[in-house]
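Just below is one structure, and these are the notes that go with it.
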Amino acid sequence: MIPFNKPFLTGKETTYIKEAVESGKISGDGIFTKRCHAFFEEKYGFKKVLLTTSCTDALEMAAILINTQPGDEIIAPSYTFVSTVNAFVLRGAKIVFADSGKDSPNIDVNSIEALITPRTKAIVPVHYAGIACDMDVIMDIAHRHNLYVIEDAAQSIDAYYKGRPLGSIGHMSAFSFHETKNIIAGEGGMLVINDPAFIQRAEIIREKGTNRSAFSEEKSTNMVGSILALPFFRQKLSLPFCMHN
Ligand SMILES: Cc1ncc(COP(=O)(O)O)c(C=O)c1O
């Protein structure tokens, strides 16, 4: 039997888990989350990093952030993992599949423009196995047609396009730390936001429609106010009532 993958362990995992448990804070955004955010922002120059529980969650956040609506069209490659498109299908979008190029399973950038209609909202290129899509061509098309670009960079940590880290080029990108990927956390993911216009809303969406993290940092006692404001936030942000994060 040839296993599909073998998780790589450094030997320090249980030490860090013990440290996290002993820190007394075991929900998200503790010391390790903060270290990861800083590491990825500094090493790859990502504008804003938010760890998520999976790449699937990061893609769902991106779909919500661009306000995906029934009838929107999303251009995606035919060859990918289901999560790439599920995030948009769940919000009623129609997926317009582009064919693969001749040299790799990646999207054939020359086929994209013919697929654009007035309903097209975004292009979601996938850098399959860390092989870069031709991002210059994709970004040029997106700018000319006023479209969002969300890179599915699930398999692309530390991979580059013309010297630029994959995931740093589109408006947003999604990475995976699933056990089958290059850097692993069992399950895990990361939303990268390169367009600062999305940052504030992304933080609230990640906190299930609250600004809880800002409150705890400021040690605010105004919890009643935040609870009362919840329905307002949900409506404003077009949040689903149940989001797994
Ligand atoms: C291209 C692609 N996108 C998204 C995902 C989803 O990643 P996750 O398992 O972290 O949700 C995968 C996982 O294999 C993937 O290969």
Side-chain angles (χ1 to χ4, degrees), residues 2-9 13 28-29 32-33 36-37 39-40 44 46 49-66 68 74-91 93 95-101 103-109 112 122-135 138 148-161 165-194 202 205-206 208 240 242-245:
I2 301 173
F4 180 71
N5 72 291
K6 281 189 181 172
F8 174 75
L9 299 173
E13 289 77 10
D29 285 339
F32 289 100
T33 307
C36 285
H37 287 174
F39 172 83
F40 287 113
Y44 298 109
F46 297 144
V49 166
L50 291 171
L51 287 192
T52 56
T53 52
S54 65
C55 180
T56 303
D57 271 353
L59 287 161
E60 290 225 22
M61 283 182 63
I64 293 169
L65 282 163
I66 63 163
T68 306
I74 306 292
I75 298 177
S78 312
Y79 187 80
T80 185
F81 187 69
V82 286
S83 297
T84 311
V85 295
N86 273 356
F88 303 93
V89 171
L90 284 168
R91 276 150 199 99
I95 308 302
V96 179
F97 287 106
D99 214 338
S100 297
D103 304 328
S104 80
N106 284 346
I107 194 163
D108 178 0
V109 289
I112 294 176
I123 307 170
V124 187
V126 179
H127 308 294
Y128 211 88
I131 297 168
C133 297
D134 194 336
M135 290 307 291
I138 293 173
Y148 295 115
V149 175
I150 297 163
E151 295 173 72
D152 182 337
Q155 310 172 0
S156 313
I157 197 75
D158 208 41
Y160 296 81
Y161 171 75
L166 294 183
S168 68
I169 303 165
H171 296 82
M172 283 178 265
S173 61
F175 286 84
S176 174
F177 302 121
H178 183 261
E179 161 194 300
T180 49
K181 303 300 186 299
N182 309 39
I183 293 183
I184 61 170
E187 297 279 352
M190 169 167 89
L191 178 70
V192 168
I193 303 163
N194 300 312
I205 287 170
R206 183 163 164 276
K208 300 109 183 169
C242 170
M243 204 188 120
H244 171 64
N245 187 23

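Whatever order the structure lists them in is the order used to number ligands and atoms, beginning at 1.
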Practice prompt. For side-chain hydrogen bond (donor to acceptor under 3.5 Å, both in side chains), just list the numbers for Y161 and D134, CA-CA rounded to whole Å, side-chain angles, deciding distance to a tenth of an Å, and then say yes or no.
Written response: CA-CA 8 Å; Y161 171 75; D134 194 336; 2.6 Å; yes
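- Using modelled atom types, one finds a donor on one side chain and an acceptor on the other under 3.5 Å when comparing D158 with Y44.
- Listed by chain and number, residues touching ligand 1 at under 4.0 Å (heavy atoms only) are S54, C55, T56, T80, F81, S83, T84, V126, D152, A154, Q155, S176, H178, K181, G188.
- Side-chain atoms of T53 never come within 3.5 Å of backbone atoms of G188 as a donor-acceptor pair (strictly under, hydrogens ignored).
- Between F40 and F177, the ring centre distance stays below 6.0 Å.
- A donor-acceptor contact closer than 3.5 angstrom is absent between the side chains of D152 and Y128.
- Annotation: side chain of K181 is not in contact with side chain of I157 (no heavy-atom distance under 4.5 Å).
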